[in-house]
A.B. asks: 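Okay, handing you the structure first.
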Amino acid sequence: MTVKKSPSSYYQKSAFALRISRYAVTLVFLLFLLACIFIFGKDITAENVRLLAKYITLNNGSYSLYTDEFSITADENSDIFIVNDNLAVVRKNNLSLYDLAGQKLFSYDYAYSSPACDFDDRNIIVRDISGTEASVFNTFSKIKSFEFSSGVADAHINDNGVAIISNEESQKSAIFVYDSDYKQKYKLSSGNKHFNSIELSKNGNYILYSSVASHEGNYNCSLSINDVTKKTSEPIKTYKLLNEFPVRVGYSDDEKSIYAVTDSAIHFFDSNLKLKHTYKFNQSKVENYFIENNILVITEKNNLSGNSVTLTGISLDGKELFELNLPDKIVDISIGESKLFALGWDNIFEISKSENAFSVTNVREIPEKYNAITCDSKDNCYVATNTKFKRVDFIEKKDAEKK
């Protein structure tokens, strides 16, 4: 004898399963919202929510789809870079942010006579070297502005705060440190020396900085580390530089090493400012240096005309990674996760790491002059002129040989 199941029993079980599924989906969604609020709490404002709603799309947002050229407004002095896989263009009077599909996310006007910038994974700080202001932006909008009595010599930003060098009344130089809510928590003033480069540790508790003083016609320069939680002006570590002028100081990504670029050498230290290695260079030949993703690259011209350049790559713990000769004048370099891209007058060079060695893996001729080169988090390469931004696709060597 076959027992027939009641239709009402079947629908009751189905309805119960649907209710459980609905509650589970609702719970997951609430957990997702809480996680977003916890991670991106500082970025959630009414203005940003309206902006997000404006640009909601049903595609997957993959930058692999963003291959079309789009228009930008820049000039030869603009800083052009990618932050959080969005394009930032910093000009004398404006900061504009675009997604890699070319849609403008925001544009902010200011009046800076000599703008310079620093950025991390999410934030950008633009400072006026000859003015009195510095402003912080995220990838949604402007967050904060700081006013000083004189020009802003240097600034560094990360998730745990901001460190700024400026002058103040009656003092030659001053360092201001702010927490992640941009409230001042430390100040260091000096009446006899200038601070000229600074970096804030990832936890926001230490500042690494360089200083310059003059004595009887000579420079007295040094590197120092201060603990901002102790509210004291005395450094906990100091290293004296002899007959060298510091240009830039910073930490390696793991903060186990410290580097200092001077007018004649690059010094590498441990975290206690104990010297480990020095790379000396010819001042008359070195043209520029680039630091990103734990690699420092210097460009050195090989002859007077400057159309042949040597690239030297060094890790931030002092290990020399490569030395490559490129038959072009190099105007910009972008350092990605596993590739480097060098922009020349006539070519773009792709440099890749394979089996602990770096080599030129692709070269592409360019039909016009580009001002800047950059790359996204997946090592896709992009170039920019004053009016346009485009992705560069390289033909693999094996494909080129088939052709």
Side-chain angles (χ1 to χ4, degrees), residues 60-72 74 76 78-90 95-103 105 117-124 139 250 252-253 288-299 309 311-316 321-322 324 326 328-354 357-366 368-397:
N60 64 7
S62 173
Y63 23 67
S64 64
L65 301 176
Y66 299 161
T67 58
D68 293 337
E69 175 185 301
F70 60 86
S71 298
I72 62 172
E76 293 186 357
S78 296
D79 287 312
I80 299 174
F81 52 90
I82 288 178
V83 54
N84 197 24
D85 282 330
N86 293 298
L87 171 67
V89 180
V90 179
L95 166 63
S96 293
L97 199 74
Y98 307 78
D99 68 21
L100 294 181
Q103 198 157 38
L105 302 178
C117 65
D118 181 70
F119 61 95
D120 65 357
D121 292 338
R122 292 181 6 176
N123 303 300
I124 304 168
T139 51
S252 62
D253 289 351
N288 211 337
Y289 68 91
F290 305 86
I291 304 172
E292 202 171 354
N293 287 325
N294 227 36
I295 295 178
L296 187 153
V297 177
I298 61 173
T299 57
V309 173
L311 265 59
T312 303
I314 311 169
S315 67
L316 294 188
L321 302 174
F322 61 83
L324 299 171
L326 302 182
D328 204 346
K329 168 75 173 180
I330 301 302
V331 296
D332 195 17
I333 288 177
S334 180
I335 306 171
E337 295 293 334
S338 60
K339 294 184 178 181
L340 292 82
F341 301 97
L343 173 64
W345 280 354
D346 302 312
N347 303 279
I348 299 172
F349 301 87
E350 178 194 69
I351 300 167
S352 304
K353 181 181 180 181
S354 178
F358 289 81
S359 61
V360 177
T361 48
N362 280 294
V363 181
R364 178 166 175 176
E365 293 185 7
I366 49 179
E368 59 183 315
K369 179 184 177 183
Y370 294 102
N371 297 334
I373 192 166
T374 186
C375 61
D376 61 26
S377 60
K378 295 298 182 182
D379 286 344
N380 295 306
C381 177
Y382 304 83
V383 289
T385 69
N386 290 346
T387 58
K388 63 184 179 181
F389 184 80
K390 64 181 293 184
R391 179 171 154 177
V392 178
D393 291 316
F394 294 91
I395 300 176
E396 295 295 332
K397 283 185 174 180

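Any value given below was found using the heavy atoms of this structure, including those in side chains, with hydrogens, waters and symmetry copies removed. Values in this document were obtained by computation on a predicted structure and should not be read as measured data.
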A.B. asks: Are any non-hydrogen side-chain atoms of C375 and N380 less than 4.5 angstrom apart?
C.D. replies: no
A.B. asks: From the options I335, T312, L321, L316, select the one residue that forms a side-chain contact (heavy atoms from CB on, under 4.5 Å) with L296.
C.D. replies: L316
A.B. asks: Are F349 and F341 near enough that their ring centres are under 6.0 Å apart?
C.D. replies: no
A.B. asks: Strictly distance-based, threshold 3.5 Å: is any side-chain N or O of S359 a donor or acceptor partner for the main-chain N or O of T361?
C.D. replies: no
A.B. asks: Judged by atom type as modelled, is there a donor-acceptor pair below 3.5 Å linking the side chain of N84 to the main-chain atoms of N86?
C.D. replies: no
A.B. asks: Would you check if I330 and L343 make a side-chain contact, meaning some heavy-atom pair closer than 4.5 Å?
C.D. replies: no
A.B. asks: Between the side chain of D328 and the main-chain N/O of L326, is any donor-acceptor distance below 3.5 Å?
C.D. replies: no
A.B. asks: The criterion is ring-ring contact (aromatic ring centres under 6.0 Å, His included); which residues satisfy it with Y370, sequence neighbours excluded?
C.D. replies: none
A.B. asks: Pick out which of L97, N123, T374 makes a side-chain contact (heavy atoms from CB on, under 4.5 Å) with V83.
C.D. replies: L97
A.B. asks: Going by the rule side chain to side chain donor-acceptor pair (under 3.5 Å), which residues pair with S354 if we only count those two or more places apart in sequence or in a different chain?
C.D. replies: none
A.B. asks: Do E76 and N386 have side-chain heavy atoms sitting under 4.5 Å apart?
C.D. replies: yes
A.B. asks: So, for L100 and I82, which heavy atoms are closest and what is the spacing to 0.1 Å?
C.D. replies: CD2-CD1, 4.1 Å
A.B. asks: Using atom types as modelled and distance alone, determine if a side-chain donor or acceptor of N347 lies under 3.5 Å from a backbone N or O of V363.
C.D. replies: no
A.B. asks: Is the closest side-chain heavy-atom distance between N288 and V297 below 4.5 Å?
C.D. replies: no
A.B. asks: Residues in ring-ring contact (aromatic ring centres under 6.0 Å, His included) with F290, at least two apart?
C.D. replies: none
A.B. asks: Tell me if a side-chain donor or acceptor on R391 pairs with a main-chain N or O of C381 at a distance below 3.5 Å.
C.D. replies: no
A.B. asks: Can you find a pair of side-chain heavy atoms, one from I351 and one from L311, that are under 4.5 Å apart?
C.D. replies: yes
A.B. asks: Please check: side-chain N/O of N362 versus main-chain N/O of F394, any donor-acceptor pairing under 3.5 Å?
C.D. replies: no
A.B. asks: So that I know where these two stand, are Y98 and F389 an aromatic pair - ring centroids less than 6.0 Å apart?
C.D. replies: no
A.B. asks: Counting C-beta onward and ignoring hydrogens, is there a side-chain heavy-atom pair between K353 and S338 closer than 4.5 Å?
C.D. replies: no
A.B. asks: Step through the shown structure and confirm whether more than 12 heavy atoms of other residues, nucleotides or ligands are within 6.0 Å of CD on E368.
C.D. replies: yes
